[in-house]
There are 2 protein chains.
Amino acid sequence: MTRTTIKDVSDAAGVSIKTVSRVLNKEKYVSEDTRLRVEAAVARLNYHPSLAARTLAGRRSFQIGLIHDNPNPYYIYNMQAGVGARCREAGFRMIVQPCDINSPALIDDIGSLIDQAQLDGIILTPPVADAAPALEELERRRIPFVRVQPGTDLTATSSSFIDNVQAADDMTAHLIALGHRRIGLVMGHANYVASGQRLTGYRQALQRAGIGFDPALVQAGQFDLQSGSAAAEALLALERPPTAIFASSDEMAAGVLATAHRRGIAVPGQLSVAGFDDTDLAQVVWPPLTTIRQPIHALGYAAADLLLAFDERVERRRLDHELIVRASTAPPGGA
Amino acid sequence: MTRTTIKDVSDAAGVSIKTVSRVLNKEKYVSEDTRLRVEAAVARLNYHPSLAARTLAGRRSFQIGLIHDNPNPYYIYNMQAGVGARCREAGFRMIVQPCDINSPALIDDIGSLIDQAQLDGIILTPPVADAAPALEELERRRIPFVRVQPGTDLTATSSSFIDNVQAADDMTAHLIALGHRRIGLVMGHANYVASGQRLTGYRQALQRAGIGFDPALVQAGQFDLQSGSAAAEALLALERPPTAIFASSDEMAAGVLATAHRRGIAVPGQLSVAGFDDTDLAQVVWPPLTTIRQPIHALGYAAADLLLAFDERVERRRLDHELIVRASTAPPGGA
DNA sequence: TTGTAAGCGTTATCAC
DNA sequence: GTGATAACGCTTACAA
């Protein structure tokens, strides 16, 4: 019941331990012949190197961390899938760690994770991507990190993001083109910079169309169903209610639809509903809905891709490019 | 920029390395006095032991694996949260690994994960919990593992589960008590043993009430929205449609409700809808719904709890008890 | 192109 | 109660 080690492989292949290590790490200067012999031995013995030993001896741990503070299962699931996919390709492991950006223990939590696991890099998703204490701690430790959908200091670090302003502008313009003049907006959680960006896009499109901005048409929300419902109640109770409501997430869009349903308002017909499709949720339940799709999986994959590029050039602290995954407007399904 | 090691701590505390190690591992035979001195030094230096070194030198890696093959974000999210919570309490790390139970590479994938990370144990969620090749591989390697909601060989290994038969029986009986005689059932994905168990409970309740079983009232489903919608279409198109529909997941229940809505059928009123509440989804969107709540978080927490108990008794291969998290019937919200 | 030797930071073993 | 010292399985020098 003892473990298969690199020694077993080197014996089987008739070479030294170091040569096996060379093959494992794809180093240069290994003859084609010995490389094949080693690989054969590895496969025959079903050898898998100990990550603990590699980490202890080497400079890399082949592990990166994914830090989040997000209660949305769909978001987390897709983000993990995207980051995980890129990690698997590169032979890395992803360590997922939830956190609380408002906790004083935040930087301790992240720091001890890095220390204990000797992480090679970190991916921060919103709202952690804009948590100043966390960013400072990572800078101090000089550990490579990539932010997903950051709202501040966009050029300070590598990051992957979609253009929220443009996306919200597109959708608002779409609703205007359908003839709407009073368009309600349900904003996202205040912790997320995306919420403000979406408001900006909304206002931008209104202004371009010469439609005055009415603060009464903008309601606060927290990205979840309940706040979407509540916001719709408020909007529909206005003296001059909107003819269209644009929700900053699909969960809130579902909440808007539930409220409309409850009040006997026909959708579409009496009310148009649009939303950001963060989670594939609303679109499936309620076909008469127009959405802007946010490619979360792609955002995660791209973030991991940026991060793992550090591997090749350990000296560099930052990459000199950013990757932008653009939002795509879904084909207008309803109105 | 060099790492803080156990040596630094022992110097600071004026004791030997071994003594620091003793404190870290909560071993006996350390005087209260030196223990406090060591703990103070640890805190002062902000020391975090290297997991790689502990794993390499010791018998434990302080890591367990969570293996799943489940496309449901809510399920995975809550399961991870439950398992992760127990791990954190115990100072363990959770490694999440998706897999494909139909792939021939399944046991290789799991095996290499165990080898590379030196996992101390494994948690299998459905449907992996019943994947024979995986179970055999784990048995062969003699690694502790716990199954969540297993369908076969319930007593063969430790596991956490709810009583699906009883839960489905309860719900069906509830619908019967409301006066329903024709109750449709939308079954879950065929890969999951829970699906069959729920059918059993449904039939059991019907029989007890002296209601004949009508196969036409049972529709296949895959736990997702679309299949719920489709199943409802089929049921409502029957010559004698059901007056109540019981869906084996809440996503399917939402699909049923969407179909009813589309067809202009009032819920409740013309149709009662009930479902298993796996994800909190349907209940929030559609209040007029009765659900059986499946405590996924608790199932994960319980599984991790069982698994980590091995830590105390390394010699044992199996625990001699099972933990059952019973399903609880939610207060009848609608009808 | 290949091999030798010295760690990496902890735990296990066995003394004191 | 406490402390030396040898592993653990690999990578990093540095030779050959």
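All of these numbers come straight from a predicted model, not from anything done at the bench. Residue numbers start from 1 in every chain, and the chains themselves are labelled A, B, ... in the order their sequence lines are given, proteins ahead of strands.
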Through what angle, rounded to 10 degrees, does the axis of the helix from C:dT1-D:dA16 to C:dC16-D:dG1 turn between its ends, using five pairs per end?
30°
Consider the side chain of A:Ile17, meaning its heavy atoms from C-beta on, and name the nucleotide among D:dT11, C:dG9, C:dT11 that approaches it most closely.
D:dT11
When the distance from CZ of B:Arg22 to C1' of C:dA12 is rounded to whole Å, what number comes out?
11 Å
Would you mind telling me which of D:dT11, C:dG9, C:dT2 lies closest to the side-chain atoms of A:Ser31?
C:dT2
Let's see if you can work this out: which of D:dA4, C:dT10, C:dT4 has an atom nearest to the side-chain heavy atoms of A:Ser16?
C:dT4
Taking only side-chain N and O atoms of A:Ser21, does any of them lie within less than 4.0 angstrom of OP1 or OP2 on D:dT11?
yes
Roughly how far, to the nearest 0.5 Å, is CG of B:Asn72 from OH of B:Tyr77?
13.5 Å
In whole angstroms, how far is the P atom of C:dG9 from the CD atom of A:Gln118?
8 Å
side-chain N/O A:Ser50 vs D:dG9 OP1/OP2, d < 4.0 Å
no
Students often mix this up, so state it plainly: with edges at 30° and 60°, are the rings of A:His189 and A:Tyr192 parallel, tilted or perpendicular?
perpendicular
Atom CG of B:Asp130 and atom CD1 of B:Ile101: how far apart are they, to the nearest 0.5 Å?
9.0 Å
What is the distance, to the nearest angstrom, from the NZ atom on A:Lys7 to the P atom on D:dC10?
12 Å
Options C:dT2, D:dT11, C:dT10, nucleotide nearest the side-chain atoms of A:Arg54
D:dT11
Here the distance between atom P of C:dA6 and atom CG of A:Leu56, to the nearest Å, is 18 Å
Atom-to-atom span, NZ of B:Lys18 to P of C:dT11 - whole angstrom:
7 Å
Rounded to the nearest Å, what distance is computed from the CZ atom of residue A:Arg60 to the P atom of nucleotide D:dG9?
21 Å
Should A:Asp8 and A:Arg3 count as an ion pair when the cut-off is N to O under 4.0 Å?
no
Mind checking if B:Leu24 touches a base, just sugar-phosphate, or nothing, with heavy atoms under 4.0 Å?
nothing
Among C:dT10, D:dC10, C:dT11, the nucleotide that comes nearest once only the side chain of A:Pro49 is considered
D:dC10
Report yes if some heavy atom in the side chain of A:Leu307 is under 4.5 Å from a heavy atom in the side chain of A:Ser158; otherwise report no.
no
So, is B:Tyr47 near the phosphate of C:dT10, with a side-chain N or O under 4.0 Å from OP1 or OP2?
yes
Whole-Å distance between D:dG1 C1' and B:Leu36 CG?
15 Å
With sugar-phosphate meaning primed atoms plus P, OP1 and OP2, does B:Thr55 contact a base, only sugar-phosphate, or nothing at under 4.0 Å between heavy atoms?
nothing
Here the salt bridge (charged side-chain N to carboxylate O under 4.0 Å, His left out) pairs for residues 80-102 of chain A, sequence neighbours left out, are A:Arg86-A:Glu89, A:Arg86-A:Asp305
Would you kindly give the OH-to-P distance between B:Tyr29 and C:dT11, to the nearest whole Å?
19 Å
Interatomic distance, CE@B:Met94 vs CD1@A:Ile95, rounded to 0.5 Å, equals 9.5 Å
